[in-house]
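The block underneath contains the structure these notes are about, expressed in structure tokens.
Keep in mind it's a predicted model, so treat the numbers as computed, not measured. Both ligands and their constituent atoms are indexed starting at 1 by order of listing.
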Amino acid sequence: MIEMKQASFEYKKNQLIFQEVSWELSKGETLSILGPNGVGKTTLIKCLMGFQALKSGEVLLDGISIPAYAPKEFFQRVSYVPQAKHIIFPYSVLDMVLLGRASSIGLYSKPSSHDIAMAKEAIRKVGIENLTHRSTRQISGGQLQLVLMARAIVNQPEVLVLDEPESNLDMKNQLMILDLLERLREELALTIIINTHYPNHALRLGGKALLLGQDDQKSFGEASDLINDEKIRAYFHVDSQMVEWQEEEKKHQRIFPLRISKEAV
Ligand SMILES: Nc1ncnc2c1ncn2[C@@H]1O[C@H](COP(=O)(O)OP(=O)(O)OP(=O)(O)O)[C@@H](O)[C@H]1O
């Protein structure tokens, strides 16, 4: 459904950020992108969204290369959720979510009752109806992240791309975001691509993972296979301990960082 094929990118000539990265996702699958700071995760997401042009390789949506799509169609089908910390405008929650309808509303028109109904439905889906008329300046970071998620789903996209949506949130809000992603995936069959610093969030979300590391390291596969003590040492230079347990017939895995690996020093 969406795939990256042999993708390479450089900001400066002959300084590759990533090289020949490939992965593919079916409809309704999740991809977690993991790797140390500065390795190129955000850059890869920018290339995926077409905000940066690849040096070589391509991104295909339903087998068609992104530049072949009219931007309006592409951005209706593939929606991006930025990190909440970058939002500074004093819009109400409803107006912020309506911004997601901007491409359908037209430059000089007012939102129709249909646009407003869609915005309210998106607000309901993420569970923040009580904030509808609040200013986005007067809500918490976790609540703002939910507003941005409502804005991203207002056009009923097929793919949701999120750049570290849980990074500045406390434990409860992190779990709220993960629960919401799981619910949206179930209810809307959304394909989810998430850039995260938390291997445990990738394990919790399940599906696929892409590991990016230094010296052109890269691995793609099932999150539950890929995330293990050996890979955490190789990619993050940290010794870790995987813990597994059974709950309601379901096997769970979480990985705990123990110390900086001696092998890496
Ligand atoms: N606009 C830019 N121009 C030049 N170099 C850039 C630009 N943006 C990022 N870089 C560099 O590209 C590399 C990858 O950056 P990127 O932000 O993609 O990494 P990341 O894995 O998302 O990092 P983090 O986990 O810290 O968010 C870094 O070395 C960064 O300094």
Side-chain angles (χ1 to χ4, degrees), residues 2-23 25 30-59 66-67 78-88 141-142 144-145 148-149 152 159-171 173-174 177-178 181 191-205 207-221 223 226-227 231-240 255-257 260-261 264:
I2 187 160
E3 64 182 310
M4 191 170 247
K5 260 188 173 170
Q6 300 288 311
S8 304
F9 178 83
E10 58 187 19
Y11 286 106
K12 287 192 200 128
K13 207 161 173 47
N14 300 325
Q15 289 181 19
L16 282 165
I17 302 290
F18 54 80
Q19 191 173 178
E20 299 194 352
V21 172
S22 297
W23 49 264
L25 287 183
T30 298
L31 174 69
S32 301
I33 303 170
L34 291 158
N37 285 127
V39 90
K41 302 177 298 296
T42 299
T43 303
L44 188 131
I45 279 190
K46 286 182 189 164
C47 293
L48 169 66
M49 294 302 301
F51 302 151
Q52 292 280 3
L54 288 169
K55 177 174 187 260
S56 58
E58 57 184 345
V59 179
I66 288 182
V78 182
S79 196
Y80 174 68
V81 184
Q83 288 185 25
K85 61 184 175 186
H86 298 306
I87 308 300
I88 47 166
L144 182 55
Q145 193 66 62
L148 296 180
M149 288 177 70
V159 184
L160 198 59
V161 180
L162 307 104
D163 193 9
E164 297 180 22
E166 6 68 306
S167 269
N168 298 304
L169 304 183
D170 67 28
M171 275 188 290
N173 280 315
Q174 289 187 0
I177 297 290
L178 295 176
L181 287 176
T191 304
I192 293 169
I193 299 171
I194 175 172
N195 176 0
T196 177
H197 276 296
Y198 301 95
N200 284 332
H201 292 182
L203 288 169
R204 155 92 190 254
L205 288 169
K208 301 287 201 297
L210 173 70
L211 286 174
L212 295 176
Q214 269 115 29
D215 304 324
D216 191 30
Q217 281 181 304
K218 51 193 177 281
S219 304
F220 169 66
L226 210 59
I227 299 169
K231 284 274 197 300
I232 293 293
R233 190 176 309 118
Y235 280 80
F236 292 92
H237 304 157
V238 162
D239 290 334
S240 60
I255 200 154
F256 295 92
I260 294 171
S261 173

Under 4.5 Å between any side-chain heavy atoms of [X] and [Y], yes or no?
X	Y	result
L212	Q217	no
F18	L54	yes
L162	I192	yes

Next on the checklist: Ignoring hydrogens, what is the shortest heavy-atom contact between K41 and L34? Give both atom names and the distance.
Outcome noted: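 Where K41 meets L34 most closely, the heavy atoms are CD-C, 3.7 Å.
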
Next on the checklist: Test of understanding: with side-chain hydrogen bond (donor to acceptor under 3.5 Å, both in side chains), list the residues that count as partners of K218, not counting sequence neighbours.
Outcome noted: D216

Next on the checklist: Residues around ligand 1, heavy atom under 4.0 Å from any ligand atom, sorted by chain and number. Can you pull those?
Outcome noted: Y11, I17, P36, N37, G38, V39, G40, K41, T42, T43, E164, H197

Checklist entry - Are E166 and T196 close enough that a side-chain donor and a side-chain acceptor fall under 3.5 Å? => result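 Side chains of E166 and T196: pair found under 3.5 Å.
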
